[in-house]
Number of protein chains: 2
Amino acid sequence: MANNLADALLRKIAVSNRLDPEDVGALEKLPIERRAFGARETVVRDGERPTQCCLVIEGFVFRAKTTFDGQRQILSLHIPGEIPDLQSLHLGIMDHDLVTLTQCTLGLVPHDALKQVNRVRPNVAAALWRETLIDAAIFREWMVNVGRRTGLARMAHLLSELRRRLEAIGRASNGAFRLPITQAELGDCLAMSTVHVNRVLQELRRDGLIEVERSAFQLLDQPKLEQLGQFDPHYLHLSPAA
Amino acid sequence: MANNLADALLRKIAVSNRLDPEDVGALEKLPIERRAFGARETVVRDGERPTQCCLVIEGFVFRAKTTFDGQRQILSLHIPGEIPDLQSLHLGIMDHDLVTLTQCTLGLVPHDALKQVNRVRPNVAAALWRETLIDAAIFREWMVNVGRRTGLARMAHLLSELRRRLEAIGRASNGAFRLPITQAELGDCLAMSTVHVNRVLQELRRDGLIEVERSAFQLLDQPKLEQLGQFDPHYLHLSPAA
DNA sequence: CGTGGATTTGAGAGAAATCAAATCATGTGG
DNA sequence: CCACATGATTTGATTTCTCTCAAATCCACG
């Protein structure tokens, strides 16, 4: 089953979970509707009650909240294989937006089908539950990032995290990865202004820690960058044994 | 079964979930070991691999991360009926500390027992999963709070949230609730200095929005306070219908 | 080759941190 | 029952990081 729509999902889940062949089979049989999206399209909106979940097959998406006075906080960035709105399976109402960062191929999976798989295959349910718990673990780390680190450390931390997560699914190597994101959007991830993002990136470049060529990020000195960002990957729970 | 150790849990879960009598029965039969803790005791430490979860029966606990340079970010406050480390059921390794805020009665529930209940009663599994998803929803809102609001709004938001959550379990009425927390701890929740917490509280008092008498909080003008904090409770997912 | 978004630069303003010290409780032991 | 120690709150003064405002490049694309 080389080109199943669930392939990205299976690869991603395999990073943090052990699944039986039967579990894999059940996931491969999920009814997934492929849908193409342009960049910066809102997929699901705050306040809506979705009846399906969105699997990222290709591209990047993010979740965000907008305050009454129009400020935006990006809550998470999502890479292929993730289901950014998996929480809608049990929460019903969205408390934030789901937006494409880039052109995307998303896979729409009906809640009913997911609930059915969860009932029949408890291992799958546990794995999906675990994915939402890792999601929450990343929220916690981002809260620390936004609340307790300087602009420079915040950026170093974010880049270190992305490198690790992208490496785990084979989309980064030697500290190089492609991520089409603007400085304004980085600012919304890190709760800082575009101007400050720009200056922080310049400083990281000046110090020989990174290179950025449009959407091509290159982390030059991983140890130093991770140290600067106080980055400890154990919150990512990347190993299934954990 | 008037005084079961699971009572607080059942009451809390009933706020956001519908359970069958059989589900309730299964939860009541959980083996729960009662343990008393003093204030500011670390219950579970970052990096540990717990084999049980902690149910808050009485008192308050919080979760926190400490950065390499010793700064602390409180990630969440927990009230009776909650299981603050429920994520350990599927994540294995702790990525933060669990600490008592006040004297506490906690109920220790073995992972095995919880996993068994989850297998036998899918409704219970769904409810517990949902609890961890609400936990994550609160993280998201706190991220916005810390990242995007002024000190005054941050404090107003936190107090508004606490009022709602405590009301839901019958521990706040007319905006009054007891919460023994220092200004330094409030600062760690809101990512601001103790000095600033003090000044913000003074401003809220001066404006007639709150009164604080030691650990007794009294919110005087709920609508104004919620407006100031840009507080919209839908992220709390308090109604089961959601 | 113009156009609009993204990036970069400069200067000034502001929210909150830090530093330092005083005051206020609370609880303890003599 | 009071002196004293300890922790929490409060106040004042200064510093700093980051934002805001404004304008200049830069760049991809039609």
Side-chain angles (χ1 to χ4, degrees), chain A residues 38-41 67 69-74 99-103 144-158 178-206 210-217 228-229, chain B residues 38-41 67 69-74 99-103 145-158 178-206 210-217 228-230:
Chain A
R40 279 85 192 183
E41 273 189 57
T67 62
D69 54 324
Q71 293 188 92
R72 186 173 70 168
Q73 176 68 46
I74 291 182
V99 187
T100 60
L101 179 64
T102 63
Q103 268 196 203
V144 176
N145 212 30
V146 163
R148 291 300 183 189
R149 290 196 255 260
T150 65
L152 199 65
R154 285 218 275 282
M155 181 66 76
H157 191 283
L158 176 62
R178 215 184 67 84
L179 177 70
I181 191 171
T182 66
Q183 294 183 359
E185 286 155 349
L186 283 172
D188 286 343
C189 291
L190 301 171
M192 54 202 226
S193 70
T194 310
V195 171
H196 199 221
V197 166
N198 185 275
R199 292 184 168 131
V200 161
L201 285 175
Q202 284 180 52
E203 186 167 351
L204 290 175
R205 278 188 293 232
R206 199 163 42 244
I210 65 166
E211 275 172 9
V212 190
E213 178 75 30
R214 310 226 32 77
S215 62
F217 286 81
L228 182 60
Chain B
R40 278 89 192 180
E41 273 191 58
T67 63
D69 54 323
Q71 293 188 91
R72 186 173 70 168
Q73 176 67 47
I74 291 183
V99 187
T100 60
L101 180 64
T102 62
Q103 269 197 201
N145 211 31
V146 163
R148 292 301 183 188
R149 290 196 257 261
T150 66
L152 200 66
R154 287 220 272 284
M155 181 66 76
H157 190 283
L158 176 62
R178 214 183 68 85
L179 177 70
I181 191 171
T182 66
Q183 294 182 1
E185 286 155 349
L186 283 171
D188 286 343
C189 292
L190 300 171
M192 56 202 228
S193 70
T194 310
V195 172
H196 199 221
V197 166
N198 184 275
R199 291 185 170 132
V200 161
L201 285 175
Q202 285 180 53
E203 185 166 351
L204 289 174
R205 278 188 292 232
R206 199 165 40 246
I210 64 167
E211 272 172 11
V212 190
E213 177 74 30
R214 311 226 31 73
S215 62
F217 285 81
L228 182 61
Q230 308 187 315

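Treat the numbers as computed from the prediction; the structure is a model and nothing was measured. Reminder, nothing fancy here: chain letters follow the sequence lines and each chain counts from 1.
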If you assign each of A:Arg214 and A:Gly151 to its closest nucleotide in DNA chain D, which residue comes earlier from the 5' end?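 Checking each residue's closest nucleotide, the 5'-ward one belongs to A:Gly151.
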For [X] and [N], give me the distance from atom [atom1] to atom [atom2], rounded to whole Å.
| X | N | atom1 | atom2 | result |
| --- | --- | --- | --- | --- |
| B:Glu203 | C:dA15 | CD | C1' | 12 Å |
| B:Gln71 | D:dC17 | CD | P | 13 Å |
| A:Leu186 | C:dA6 | CG | P | 12 Å |
| A:Leu190 | D:dC19 | CG | C1' | 15 Å |
| A:Leu204 | C:dT7 | CG | C1' | 16 Å |
| B:Glu213 | D:dT9 | CD | P | 12 Å |
| B:Arg148 | C:dA15 | CZ | P | 16 Å |
| B:Glu185 | D:dA8 | CD | P | 8 Å |

Any heavy-atom pair between the side chains of A:Leu186 and A:Val200 that's under 4.5 Å?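 With C-beta onward as the side chain, the pair stays apart.
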As a test of reading the structure: which of [options] is closest to the side chain of [X], going by heavy atoms?
| X | options | answer |
| --- | --- | --- |
| A:Arg199 | C:dA11, C:dA16, C:dT18 | C:dA11 |
| A:Ser193 | D:dC19, D:dG12, C:dA17 | D:dC19 |
| B:His196 | D:dC21, C:dA16, C:dT18 | C:dA16 |

Looking at B:Arg205, I'd like to know whether one of its side-chain N or O atoms comes within less than 4.0 Å of OP1 or OP2 on D:dT10.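 Yes, because at least one side-chain N or O of B:Arg205 sits under 4.0 Å from OP1 or OP2 of D:dT10.
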It should be established whether A:Asn198 places a side-chain nitrogen or oxygen under 4.0 Å from OP1 or OP2 of nucleotide C:dT7. no
B:Gln71 and B:Asp188 side chains, donor-acceptor separation under 3.5 Å: no
Is the shortest side-chain N to carboxylate O distance from B:Arg178 to B:Glu213 below 4.0 Å? no
Under 3.5 Å donor-acceptor, B:Thr100 side chain and B:Gly38 backbone: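 Judged by distance alone, yes, a pair lies under 3.5 Å.
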For B:Met192 and for A:Gln183, locate the closest nucleotide of DNA chain C by heavy-atom distance; then report the residue assigned to the nucleotide nearer the 5' terminus.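 Comparing both residues, the 5'-ward one is A:Gln183.
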What nucleic acid atoms does A:Thr194 come within less than 4.0 Å of, heavy atoms only: base, sugar-phosphate, or nothing?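 The answer is nothing, as A:Thr194 stays clear of every strand by at least 4.0 Å.
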Touch check for B:Thr182, heavy atoms < 4.0 angstrom, all strands: base, sugar-phosphate only, or nothing? sugar-phosphate
Only one of B:His157, B:Arg149, B:Arg154 clears side chain to side chain donor-acceptor pair (under 3.5 Å) with B:Gln230; which?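 Answer to the side chain to side chain donor-acceptor pair (under 3.5 Å) test with B:Gln230 among B:His157, B:Arg149, B:Arg154: B:Arg149.
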